[in-house]
Amino acid sequence: MLIAPEAGGQVLNIGTGWPTTIRSIADRTLKHYLEAELVERPLPPGDPMGGYADTRRMRRVLGSKPQVTMEEGVDRYVKWIKERPEATPQWMRELAAERRLRAA
């Protein structure tokens with residue numbers, strides 16, 4: 001809102017505007033956590049296939065388009081979260097600690 005006051009009170013889809021699979025995000029994330037294990041589950045019933053954010057309104061209201069790729073965004077987020085372990089939910093830290101103990 002500081003950048004675009006006209007965005008006040010509007011709902012904007014924020015995203016790249018390009019289809020991105022959860023799998024591609026998971027694969028990118030795994031590059032940062034080599035010890036992690038990917039667990040695949042079937043899609044929940046009724047889960048839509050092929051959806052992505054329509055960013056036309058975002059582009060019009062904010063006057064800009066996405067400049068960060070999914071890969072760069074994941075890389076930045078992983079760096080951020082590693083610098084701030086307190087931002088990781090307690091249950092996730094406990095689960096990671098359990099898995100490390102089992103692996104040792």
Side-chain angles (χ1 to χ4, degrees):
M1 294 247 320
L2 294 174
I3 298 169
E6 61 275 13
Q10 292 198 47
V11 175
L12 303 176
N13 287 325
I14 305 295
T16 63
W18 302 290
T20 304
T21 65
I22 293 172
R23 179 57 187 255
S24 65
I25 295 169
D27 288 342
R28 184 65 182 202
T29 303
L30 286 171
K31 292 180 181 207
H32 296 278
Y33 298 97
L34 300 176
E35 72 285 355
E37 171 187 343
L38 181 64
V39 178
E40 295 187 62
R41 300 277 190 257
L43 287 175
D47 202 37
M49 295 291 295
Y52 61 96
D54 180 348
T55 59
R56 288 178 291 187
R57 184 186 301 170
M58 176 198 75
R59 292 171 189 237
R60 187 178 65 253
V61 171
L62 300 180
S64 66
K65 61 181 182 177
Q67 298 177 2
V68 177
T69 64
M70 178 276 293
E71 294 83 2
E72 184 181 352
V74 169
D75 294 348
R76 286 184 186 185
Y77 180 69
V78 168
K79 180 180 184 289
W80 183 87
I81 203 78
K82 284 183 175 183
E83 292 171 352
R84 294 163 188 80
E86 70 280 1
T88 302
Q90 182 64 32
W91 69 267
M92 245 183 214
R93 290 190 299 240
E94 290 170 2
L95 183 60
E98 283 177 31
R99 289 186 174 165
R100 282 192 296 274
L101 284 175
R102 278 186 273 164

Q) Nearest 0.5 Å, what's the CD-CD distance between E94 and E98? A) 7.5 Å
Q) Taking the side chain from T21 and the backbone from S24, do they hold a donor-acceptor pair closer than 3.5 Å? A) yes
Q | Closest non-hydrogen atom pair, Q10 against E6 | A | NE2-O, 3.0 Å
(Q) For a quick test of reading the model, state the closest non-hydrogen atom pair linking P66 to G15 and the distance between them. (A) CG-O, 3.0 Å
Q.
Is there a path of hydrophobic side-chain contacts, each under 4.5 Å between heavy atoms of I/L/V/M/F/W/Y residues, joining V61 to M58?
A. yes
Q.
Please evaluate residues I25 and V74 with respect to the criterion side chain to side chain contact (heavy atoms under 4.5 Å, CB included), reporting the C-alpha separation (whole Å), side-chain torsions for both, the decisive distance (0.1 Å), and the verdict.
A. CA-CA 7 Å; I25 295 169; V74 169; 4.1 Å; yes
Q: Count the heavy atoms belonging to other residues, nucleotides or ligands that lie under 6.0 Å from CD of Q67, then report whether that count exceeds 12.
A: no
Q: Provide the closest heavy-atom pair for T88 versus R93 in the form atom of the first, atom of the second, distance.
A: O-NH1, 3.0 Å
Could you give the side-chain donor-acceptor pairs of residues 33-47 under 3.5 Å, partners two or more places apart or in another chain?
unit_1	atom_1	unit_2	atom_2	d
E40	OE1	R23	NH1	3.4
E40	OE2	R23	NH1	3.2

Q: Mind checking the CG-CZ spacing from N13 to R59? Nearest 0.5 Å is all I need.
A: 12.0 Å
Q. Do R57 side-chain atoms and V11 backbone N/O form a donor-acceptor pair below 3.5 Å?
A. yes
Q. V68, Y77: one ILVMFWY side-chain cluster at the under-4.5 Å cut-off?
A. no
Q.
If you count heavy atoms of other groups shown closer than 6.0 angstrom to NZ of K31, is the number above 12?
A. no
Q. So how far is it from T29 OG1 to D75 CG, rounded to the nearest 0.5 Å?
A. 8.5 Å
Q: Examine distances only and state if a side-chain atom of R28 and a backbone atom of G73 form a donor-acceptor pair shorter than 3.5 Å.
A: no
Q.
Around atom CH2 of W80, are there more than 12 heavy atoms from other residues, nucleotides or ligands closer than 6.0 Å?
A. yes
**Q.** Nearest-0.5 Å distance that lies between atom CD in E86 and atom CD1 in I81
**A.** 8.0 Å
